[in-house]
Amino acid sequence: MPQRTALYPGTFDPMTLGHLDIMKRASRLCDKLIVGVAINRDKNPLFPLDERVAMVEHVVEPFRDYIDVEVKPFEGLLIHFVEKCGASMIVRGLRAVSDFEYEFQMAGMNDRLNPDIETVFLMADPQYQTIASRLVKEIARLGGDVTQFVTPEVELRLKEKFA
Ligand code: ADP
């Protein structure tokens, strides 16, 4: 049987427990999981690319016991990156209705660009539903406690950023 490769793309600025939950669940749906860290210059990320990659690398380490995982930075059109990786599916997390319209449009456009690649949506777990990287950064910047939203390693990096 051919290997089923899934790509989970995102900015991960920073990686949250919501992202981690999607990675864990996606890893059960494929033989190989690639986490694509978007360079996303226009989003003006707080964390440089190497740190965003390092945060993901850190959490996927235990997955390596049961699945092939790679963390890869990427730039440019997502569908080109998916093709380059040899992935057959794109995984995205869906939170409340606010994510829907954008994700629906993006999945539709990607399907037009390459109908052989399927976008798979995983509903956010209710306990992580409200976690958004943007708000985590805002809370950390204002000196709030982010322990329930991110891993201890990410929390430390946020503290260093806003020290
Ligand atoms: P992007 O810039 O591609 O939206 P993000 O890092 O913000 O990158 O998000 C990557 C993916 O993870 C998106 O599909 C997003 O909907 C999903 N996601 C973000 N936060 C959560 C969460 N708390 N629970 C589930 N999915 C999430």
Side-chain angles (χ1 to χ4, degrees), residues 5-30 32-60 63 69-85 87-111 113-114 117-141 144-155 157-158 161:
T5 301
L7 174 78
Y8 177 37
T11 310
F12 308 108
D13 183 43
M15 203 214 55
T16 68
L17 296 182
H19 291 128
L20 175 57
D21 180 58
I22 297 294
M23 287 175 207
K24 273 188 195 148
R25 289 158 59 197
S27 70
R28 292 188 213 118
L29 304 175
C30 55
K32 176 173 180 172
L33 177 67
I34 300 174
V35 182
V37 183
I39 294 180
N40 249 340
R41 292 178 217 277
D42 352 327
K43 274 204 172 178
N44 209 0
L46 170 69
F47 289 95
L49 181 67
D50 61 333
E51 270 198 85
R52 288 184 282 130
V53 168
M55 287 186 262
V56 178
E57 283 282 8
H58 191 255
V59 294
V60 299
F63 295 19
V69 192
E70 273 184 53
V71 184
K72 288 183 172 178
F74 77 98
E75 193 165 29
L77 200 62
L78 174 64
I79 211 79
H80 287 161
F81 182 58
V82 180
E83 288 163 353
K84 206 170 118 198
C85 292
S88 56
M89 60 177 142
I90 301 169
V91 174
R92 296 287 287 174
L94 259 195
R95 285 163 298 182
V97 260
S98 53
D99 279 340
F100 183 81
E101 191 168 349
Y102 172 72
E103 294 291 345
F104 179 76
Q105 244 178 353
M106 198 168 82
M109 296 291 265
N110 283 332
D111 182 61
L113 293 173
N114 187 339
I117 292 165
E118 204 63 63
T119 303
V120 175
F121 292 103
L122 299 180
M123 295 293 171
D125 184 291
Q127 64 173 315
Y128 305 125
Q129 175 78 247
T130 55
I131 305 177
S133 297
R134 184 177 54 83
L135 295 175
V136 167
K137 281 182 281 192
E138 192 61 11
I139 295 168
R141 189 176 67 80
D145 180 8
V146 293
T147 39
Q148 40 175 332
F149 310 128
V150 296
T151 61
E153 199 250 341
V154 172
E155 187 185 358
R157 285 179 190 266
L158 281 163
K161 276 273 173 245

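When a ligand or atom number is given, it counts from 1 through the structure's own listing order.
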Exercise. Ligand 1 versus Ser133, non-hydrogen atoms closer than 4.0 Å: side chain, backbone, both, neither?
Worked result: neither
Seminar exercise, completed: min-distance protein heavy atom vs atom 8 (O) of ligand 1 -> Thr11 N, 3.0 Å
Exercise. What is the nearest protein non-hydrogen atom to atom 24 (N) of ligand 1, stated with its residue, atom name and distance?
Worked result: Ala124 CB, 3.5 Å
For this session: Report, in ascending order of atom number, the atoms of ligand 1 lying under 4.0 Å from any heavy atom of Lys43.
Result: 1 (P), 2 (O), 4 (O)
Problem set entry | N-O pairing of Glu138 and Arg134 below 4.0 Å | no
For this session: Mind listing the closest non-hydrogen atom pair of Pro73 and Val53 along with its distance?
Result: CG-CG2, 4.3 Å
Exercise. Going through the checks in order, is the side-chain contact (heavy atoms from CB on, under 4.5 Å) test met by Ile131 and Val136?
Worked result: CA-CA 7 Å; Ile131 305 177; Val136 167; 4.0 Å; yes
Problem set entry | Heavy atom of the protein closest to atom 14 (O) of ligand 1 (residue, atom name, distance) | Gly93 N, 3.0 Å
Exercise. Which ligand 1 atoms are under 4.0 Å away from a heavy-atom of Asp99?
Worked result: 16 (O)
Problem set entry | Close approach of Phe121 to ligand 1, heavy atoms, under 4.0 angstrom | no
Exercise. Atom CE of Met89 and atom OG1 of Thr119: how far apart are they, to the nearest 0.5 Å?
Worked result: 11.0 Å
Seminar exercise, completed: min-distance protein heavy atom vs atom 7 (O) of ligand 1 -> His19 NE2, 4.2 Å
Exercise. Quick one: does ligand 1 sit under 4.0 Å from the side chain of Glu103, the backbone, both or neither, non-hydrogen atoms only?
Worked result: side chain
Problem set entry | Numbering as shown, the atoms of ligand 1 that approach Phe12 to under 4.0 Å (heavy-atom distance) | 6 (O)
Problem set entry | Intermediate values then yes/no, side-chain contact (heavy atoms from CB on, under 4.5 Å), Phe81 and Lys72 | CA-CA 10 Å; Phe81 182 58; Lys72 288 183 172 178; 3.8 Å; yes
Problem set entry | Close N or O approach (Gly10, ligand 1; < 3.5 Å) | no
Exercise. For the atom pair CG (Asp111) and CD1 (Ile79), what is the distance rounded to the nearest 0.5 Å?
Worked result: 8.5 Å
Exercise. Nearest protein heavy-atom contact for atom 4 (O) of ligand 1: which residue, which atom, what distance?
Worked result: Arg92 NH2, 3.4 Å
Seminar exercise, completed: The closest protein heavy-atom partner of atom 11 (C) of ligand 1 is Tyr8 OH, 3.4 Å
Exercise. Any side-chain heavy atom of Leu7 within less than 4.5 Å of one from Leu78?
Worked result: yes
Exercise. Is it true that Met123 lies under 4.0 Å from ligand 1, counting heavy atoms only?
Worked result: no
Exercise. For Asp13 and ligand 1, does the shortest N/O to N/O distance drop below 3.5 Å?
Worked result: no
Problem set entry | Atom indices of ligand 1 within 4.0 angstrom of Pro9 heavy atoms, with elements | 10 (C)
Problem set entry | Donor-acceptor under 3.5 Å (Arg52 side chain, Ala38 main chain) | yes
Exercise. Atom 20 (N) of ligand 1: which protein heavy atom is closest, and how many Å away?
Worked result: Arg95 NH1, 3.3 Å
Distance-only donor-acceptor pairs under 3.5 Å for side chains of residues 12-30, two or more places apart:
residue : atom : partner : partner atom : Å
Asp13   : OD1  : Leu46   : N            : 3.2
Asp13   : OD1  : Phe47   : N            : 2.8
Asp13   : OD2  : Leu46   : N            : 2.8
Asp13   : OD2  : Lys137  : NZ           : 2.8
Thr16   : OG1  : Gly18   : N            : 3.2
Thr16   : OG1  : His19   : N            : 3.3
Thr16   : OG1  : His19   : ND1          : 3.3
His19   : ND1  : Thr16   : N            : 3.0
Asp21   : OD2  : Arg25   : NH1          : 2.9
Arg25   : NH1  : Met123  : O            : 2.9
Arg25   : NH2  : Met123  : O            : 2.9
Ser27   : OG   : Lys24   : O            : 2.6
Ser27   : OG   : Tyr66   : OH           : 3.1

Exercise. Can you check side-chain contact (heavy atoms from CB on, under 4.5 Å) on Asp99 and Phe121, steps first, answer last?
Worked result: CA-CA 11 Å; Asp99 279 340; Phe121 292 103; over 6 Å; no
Exercise. How long is the gap from OG1 on Thr151 to CE on Met55, to the nearest 0.5 Å?
Worked result: 8.5 Å
